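Structure first, then comments.
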Amino acid sequence: MKRAARQHVEQVRELVFDRLSHEQQRELREICEVLATGLTDEVALSRMGWSGK
């Protein structure tokens, strides 16, 4: 399970994040934060390192 998770993270990074510029990564994070605020509470968002605002 741990090996699969590590490989999954590496593959997602390679296929998604490495293809985006730093600006695009920042914009994606902002979009995900907006979407996440509708899915969970501010405490959970804070644990994930997101402001929730």
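In this text the structure is predicted, and so the values were computed from the model without any measurement.
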Rounded distance (nearest 0.5 Å) linking atom CD of E23 with atom CG of L28: 11.5 Å
Considering all heavy atoms, the nearest L35-L39 contact: O-CG, 3.5 Å
Side-chain donor/acceptor of Q11 to backbone N/O of H8, under 3.5 Å: no
R13, CZ atom: more than 12 neighbouring heavy atoms under 6.0 Å: no
Residue pair Q24 / R19: nearest heavy atoms and the distance that separates them: OE1-O, 4.2 Å
Distance in Å, R29 CZ paired with E27 CD, rounded so as to fall on 0.5 Å steps: 14.0 Å
Straight-line distance of L20 CG to R26 CZ, nearest 0.5 Å: 12.5 Å
